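Okay, so here's the structure we're looking at.
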Amino acid sequence: MAAVVALTAASLAACGGGDDDKGSSGGNVTMQLWINATTGPGKAYWDKAAADFHTANPNVTIKIQSVQNEDLDGKLQTALNSGSAPDIFLQRGGGKMAAMAEAEQLKDITDDITDATREAVGDAALKTGQVDGKAYAVPISILPGGLWYSKDLFQKAGVAAPPTTLDELNAAVSKLKANGTPIALGGKDAWPAAHWYYFFALRACSPATLDATAKSKTFDDGCWTKAGEDLKAFADTKPFNEGFLTTSAQQGAGSSAGLVANHKASMELMGAWDPGVIASLTKDTKPLPDLSFFPFPAVPGGQGDPGSIMGGADGYSCSTEAPKECADFLNFILTKDQQEAYYKAFNALPVNKQAQGAVTEDYLKAVLDAYNKAPYVSQWLDTVYGQNVGNALNVSVVNLLAGKGDVAGIIKDVNEAAKKG
């Protein structure tokens, strides 16, 4: 997740396995795995997982390609479209996965998910990897979003408890300003800024409207305009770091995650991968001792349930021509031991219910509690709507925050992108 890896689209497009890798019949197999962990414990986890799988299956070798998270989607799509996709790769899900399935770029692994995996993970989590009842991915971690904050900085500013309403959040921001930056935002990467609109929409729009919009991909309901107006009013209080439009999300100490990691900002709105990213950017590259979490607060006047949560589950897919050993590896990474190791490496919640017993951090327990209590769970909106609509949404939100656009522009841009497909 953190750090930069310099790779050209051409070099990545050439990474798919050769002819001897596909459709194996007991011979030696080499598979290419694309991940978004480029350094630290996360990269080390995947290296060891690949080595452990090779030990258990001596005829199978997995070659890992690390791709910077912000670059992954575009480079993966290029590789898929050119017919040189990796055998195994990170899967965002939602509309992006549905488009890949429709284009026949993913292997149907419905019958390859073992009974042991189904029992350990459960149907609800496994459905995040399905399209029309067929499995095209398996989830590997639960990644709901919310606000990650420094307990020490909150206490120093006199914020006694995590905000539960928008009024309380505004009051906390006012107190935190006296001691520095209230909220870190990596607007350079667009999607972190758009997260603010997503969550205001989750509070403004009813679940029925969110579900209907996922199919229609048009923002006709007035709740989408309310979400934009709520965001504009909040942004006008100037809660974000100076220069947030040119700040990256996860790359280096100056990123939004880095600002939280080094107590230069008090909180950040982000998914449940954030603790691992923050830990990689502290001075000792260890988890931030005073890190905590609270759900996005209730917003007045909306149709959404204040307990609803947004996020999803990162997963892994096999490309269409991947050998059968690809599905074997997906089952392997969902075993209890592998899921416990993944949690320790990424500081993220495992999907294996037995492995969840290993979670010790209070902030991750808080995330799990909010997730399990949520009356409605939405995936990230740019994932739900697919790449074209999702990108238009993210860019138009940044334009709003930059003063280059307005709320009507968000609605117009998304509706136009939807018409183009």
Side-chain angles (χ1 to χ4, degrees), residues 23 34 72-73 76-77 79-81 83 85-144 198 202 205-219 308-324 326-331 333-334 351 371 374-393 414 417-421:
W34 281 17
L72 180 62
D73 287 12
L76 176 61
Q77 197 60 61
L80 287 167
N81 293 345
D87 300 286
I88 318 165
F89 53 87
L90 178 71
Q91 176 59 256
R92 312 285 191 187
K96 293 181 179 181
M97 182 175 69
M100 293 176 189
E102 185 177 353
E104 300 183 347
Q105 294 170 331
L106 304 178
K107 180 183 283 291
D108 180 351
I109 58 171
T110 307
D111 297 332
D112 299 316
I113 299 174
T114 65
D115 290 341
T117 296
R118 293 181 188 280
E119 182 177 357
V121 176
D123 290 340
L126 287 173
K127 282 181 180 177
T128 64
Q130 296 177 4
V131 176
D132 296 331
K134 294 183 178 181
Y136 294 99
V138 297
I140 194 170
S141 62
I142 298 169
L143 299 168
Y198 301 172
L202 185 68
C205 300
S206 68
T209 296
L210 291 169
D211 290 342
T213 307
K215 295 179 181 179
S216 69
K217 296 183 180 177
T218 55
F219 283 26
S308 293
I309 203 163
M310 182 168 290
D314 266 0
Y316 278 81
S317 288
C318 299
S319 58
T320 305
E321 298 301 321
K324 62 182 181 63
C326 180
D328 295 338
F329 182 71
L330 298 187
N331 283 297
I333 60 176
L334 293 182
V351 292
Y371 184 81
Y376 178 79
V377 177
S378 171
Q379 287 185 305
W380 307 110
L381 296 188
D382 56 347
T383 298
V384 171
Y385 300 134
Q387 194 154 340
N388 290 339
V389 175
N391 286 348
L393 172 59
V414 173
K419 292 176 183 177
K420 295 176 182 177

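On a predicted model such as this, the values are computed, not experimentally measured, just so you know. Values below: all heavy atoms of this structure, side chains included; hydrogens, waters and symmetry mates excluded.
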* Sub-4.5 Å side-chain heavy-atom contact between Val138 and Val121 -> no
* Structure fact -> Distance col, row Ser317:OG vs Leu330:CG, nearest 0.5 angstrom, shows 7.5 Å
* Determine the minimum heavy-atom distance between Leu106 and Ala101, stating which atoms define it. => CD1-N, 3.9 Å
* Asked: Have Gln77 and Asn81 got a donor and an acceptor in their side chains that come within less than 3.5 Å?
  -> yes
* Between Leu202 and Ser378, what is the shortest heavy-atom contact and its length? -> CD1-CB, 4.1 Å
* Nearest-0.5 Å distance that lies between atom NZ in Lys215 and atom CG in Leu210 -> 13.0 Å
* **Residue that, paired with Asp112, satisfies side chain to side chain contact (heavy atoms under 4.5 Å, CB included) out of Thr114, Asp108, Ile109** => Ile109
* Asked: What distance separates Leu72 CG from Phe89 CZ, expressed to the nearest 0.5 Å?
  -> 9.5 Å
* About how many Å separate CZ of Phe329 and NZ of Lys324, when rounded to the nearest 0.5 Å? -> 15.5 Å
* Structure fact -> Rounded to the nearest 0.5 Å, the CG atom of Asp382 sits from the NZ atom of Lys96 at a distance of 5.0 Å
* **Minimum heavy-atom distance between Pro139 and Thr128, given as atom pair plus value** => CB-OG1, 3.7 Å
* Minimum-distance pair of heavy atoms, taken over all atoms of Trp34 and Leu76 -> CZ3-CA, 3.6 Å
* For residues Val414 and Tyr385, determine if any side-chain heavy atom of one lies less than 4.5 Å from a side-chain heavy atom of the other. => no
* Asked: Looking at side-chain heavy atoms only, is the closest gap between Ser319 and Pro86 below 4.5 Å?
  -> no
* Heavy-atom pair with the smallest gap, counting every atom of Thr218 and Thr213 -> O-CG2, 3.4 Å
* **Heavy-atom side-chain proximity of Val377 to Pro144 below 4.5 angstrom** => no
* **Nearest-0.5 Å distance, CE of residue Met100 to OG1 of residue Thr320** => 11.0 Å
* Asked: Is it true that a side-chain atom of Lys107 and a backbone atom of Ala322 form a donor plus acceptor pair closer than 3.5 Å?
  -> yes
* To do: Please tell me if the side chains of Tyr136 and Met97 come closer than 4.5 Å, counting only heavy atoms from C-beta onward.
  => yes
* Structure fact -> Here the pair of heavy atoms bringing Ala135 nearest to Thr110 is N-OG1, 2.8 Å
* Step by step, work out the side chain to side chain contact (heavy atoms under 4.5 Å, CB included) result for Glu102 and Val131. => CA-CA 9 Å; Glu102 185 177 353; Val131 176; over 6 Å; no
* Does some side-chain heavy atom of Asp211 sit less than 4.5 Å from a side-chain heavy atom of Tyr376? -> yes
